[in-house]
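One structure below.
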Amino acid sequence: MTLPAINPTTTKAWEALKSHFENIKDVHLKDLFTKHTNRANTLSISWNDFYVDYSKNRIDETTKKLLVDLAKEVKLDEAIQQYFGGSIINETEERAVLHSALRAPSNHTVTVDGKNVIPEVTAVKEKIKRFSDQIISGSLTGHTGKAFTDIVNIGIGGSDLGPAMITESLEFYKNHLNVHFISNVDGDHVHQNLKGLDPETTLFVVVSKTFSTQETLSNATTARNWFVQHAPKEAVSKHFVAVSSNIPNVTNFGIAEDNIFPLWDWVGGRFSLWSAVGLSISLSVGYENFETLLEGAHEMDEHFKNTAFEENIPVILGMLSIWYNNFFNAESEAIIPYSQYLHRLPAYLQQGIMESNGKSVDRNGDPVDYQTGTIIWGEPGTNAQHAFFQLIHQGTKLIPAEFIGFKHSLFEDQDHQDKLMANFFAQTEALMNGKTEAEVLDELKSKNLSEEKLKQLTPFKIFDGNKPTTTLLIDKLTPKSLGALVSMYEQRIFVQGIVWNIFSYDQWGVELGKQLATKILSEINTTQVSDHDSSTQALLKRYLN
Ligand code: F6P
């Protein structure tokens with residue numbers, strides 16, 4: 001069974017959205033609120049400890065209905081069934097897409113090629129638990145009998161960003177182990193990290209689904225060379241473990257089969273933190289917290305699978321993104337977590353969203369003639385307010401922004417929390433309302449300025465407002481709520497990919513650069529620069545001289 005492959009622009013809903021857009025594009029959010037005083041109620045979703053307020057978006061009930069119609073017309077419901085049912089929905093790589101199975105309870109059945117994969121998933125989870133417990137308790141030690149103090153995760157892309165983002169986000173829950181992440185092939189990255197480490201008490205976790213990624217293999221080799229300078233070669237087996245689906249490559253590298261945590265080809269790299277790729281998460285915060293993270297993600301999966309589109313968080317947020325991308329021609333979206341712990345979330349989502357939906361050929365193999373993947377960026381508030389918010393408020397671009405905040409802080413410093421959240425609420429209100437000329441004049445008049453100064457300053461102080469935002473207010477940053485939040489974004493990626501009629505789970509675009517880098521590296525190694533354009537030629541010559 002293949003995914004439905006409907007060009008969204010040929011649907012009735014798309015046509016209707018196009019003409020509806022003409023009616024609503026200049027309507028100010030303030031007027032929408034004045035017209036419907038109950039707007040916050042009708043355009044929000046309460047689910048578990050999440051409150052999703054999407055009322056400050058440039059939509060009305062008709063927009064919402066038409067967006068849901070579009071989702072229905074492209075057969076999103078059928079696609080969801082195929083996705084969770086283990087169909088080969090990653091058609092260009094001939095794989096199922098089942099990161100949801102990694103967080104399904106052990107009594108569930110998820111079938112791939114006629115086989116229930118849950119028992120294998122459960123067995124790997126047990127291995128992760130056993131290993132994490134032993135490392136954390138110190139019962140499994142390094143080669144000199146000392147307990148481990150430092151964990152080094154070596155991986156890149158999904159084999160780095162997921163575990164790095166989650167361990168940072170859950171820093172509050174972490175134990176005594178120091179976790180480091182080495183990803184870049186930039187040798188300064190690996191050497192800088194190795195510098196402070198004690199080889200007797202350091203455990204390396206080499207994470208690579210394919211175990212063929214240049215960056216990871218180079219960094220792992222450098223780490224192993226460093227290690228054997230300080231320890232006997234036989235000790236490698238006590239200090240290096242791997243997470244991979246390519247067992248032969250791992251054993252060739254010199255890591256024993258017992259030290260391999262497997263994953264499967266139906267787990268995409270950027271969706272893999274729920275698998276053994278999350279080993280450093282489990283080591284950092286303990287297996288129970290890792291399991292709770294998975295539970296939160298599973299609850300969101302169930303919500304996504306079973307809830308009517310009108311009340312379905314990933315569907316609504318995904319369709320809003322399409323509304324701005326394809327009708328307002330907004331090019332980017334900002335994600336602003338009001339929690340310093342979540343400072344890596346935007347970078348993590350950049351891979352998830354942009355690697356998945358940065359495609360320009362549709363599921364029929366034809367070039368698309370409409371916009372697909374959005375550009376994602378962001379930083380935590382309030383820091384972001386003092387950096388790029390000026391452009392969101394008064395720049396010329398429309399940038400829909402998502403605000404993520406928590407009712408309770410983790411250290412329970414209420415004074416700080418109230419200040420943080422006052423900013424959180426103030427920004428979305430300010431972005432929506434802006435400041436009118438009359439308001440600016442009132443403010444300036446109270447400062448006793450001359451008439452001339454007043455006139456001169458007024459235009460700069462006017463804010464148009466009407467900047468759309470969505471607010472996610474969650475009770476508290478816990479492993480469970482974090483799991484649900486990340487799963488929410490994953491499911492939203494799926495929704496958008498289905499509507500845009502693209503394949504979200506391959507990444508052929510990354511390959512070209514890799515191929516060229518291999519060719520150029522051999523030219524650098526042999527100092528034989530072959531035919532290139534004059535720019536690349538000159539750069540290479542300069543580098544080699
Ligand atoms: O950047 C391309 C990519 O394939 C990502 O999708 C993946 O997360 C990353 O490279 C790392 O791949 P691997 O885990 O196989 O080393």
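In this chain, residues are counted from 1 in sequence order. Counting starts at 1 for both ligands and their atoms, in listed order.
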Taking only heavy atoms of [X], which atoms of ligand 1 are found under 4.0 Å from at least one of them?
X: Thr213; result: 12 (O), 13 (P), 15 (O), 16 (O)
X: Val510; result: 1 (O), 2 (C)
X: Ile156; result: 9 (C), 11 (C)
X: Lys209; result: 13 (P), 14 (O), 15 (O)
X: Gly269; result: 8 (O)

In the protein, what heavy atom is nearest to [atom], and what distance, to one decimal place, separates them?
atom: atom 1 (O) of ligand 1; result: Glu355 OE2, 3.2 Å
atom: atom 15 (O) of ligand 1; result: Thr210 OG1, 2.6 Å
atom: atom 14 (O) of ligand 1; result: Ser159 OG, 2.6 Å
atom: atom 8 (O) of ligand 1; result: Gly158 N, 2.7 Å
atom: atom 10 (O) of ligand 1; result: Lys514 NZ, 4.5 Å

- Query: Is the shortest side-chain N to carboxylate O distance from Lys480 to Glu299 below 4.0 Å?
  - Reply: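 Result for this pair is yes, salt bridge flagged.
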
- Message: Taking CD in Glu511 as the centre, count heavy atoms belonging to other residues, nucleotides or ligands within less than 6.0 Å. Is the count above 12?
- Response: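 Yes, the 6.0 Å shell around CD holds more than 12 heavy atoms from other groups.
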
- Item | Any donor-acceptor N/O pair, Asn7 side chain to Thr9 backbone, under 3.5 Å |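 Side chain of Asn7 to backbone of Thr9: a pair is present.
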
- Task: Under the side chain to side chain donor-acceptor pair (under 3.5 Å) rule, collect the residues that match up with His189, sequence neighbours excluded.
- Result: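 For His189, no residue satisfies side chain to side chain donor-acceptor pair (under 3.5 Å) once neighbours in sequence are set aside.
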
- Task: Flag this pair as yes if the NZ/CZ of Arg344 is under 6.0 angstrom from the six-membered ring centre of Phe181 and inside a 45 degree cone about the axis; otherwise no.
- Result: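 No cation-pi geometry.
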
- Query: Between Phe261 and Phe131, does the ring centroid distance fall short of 6.0 Å?
  - Reply: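 Between Phe131 and Phe261, which both carry aromatic rings, the centre distance is below 6.0 Å.
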
- N/O to N/O below 3.5 Å, does that happen between Ser208 and ligand 1?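 Among all N and O atoms of Ser208, at least one is under 3.5 Å from an N or O of ligand 1.
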
- Message: With salt bridge (charged side-chain N to carboxylate O under 4.0 Å, His left out) as the rule and sequence neighbours excluded, what pairs involving residues 515-530 come up?
- Response: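 Every pair satisfying salt bridge (charged side-chain N to carboxylate O under 4.0 Å, His left out) with a residue in residues 515-530: Lys519-Glu523.
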
- Item | Of Glu490, Gln350, His99, Gln507, the residue whose pairing with Arg270 passes side-chain hydrogen bond (donor to acceptor under 3.5 Å, both in side chains) |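 One option only clears the test, and that one is Gln507.
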
- Task: Determine whether any heavy atom of Gln351 lies closer than 4.0 Å to an atom of ligand 1.
- Result: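 Within the 4.0 Å threshold, so yes.
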
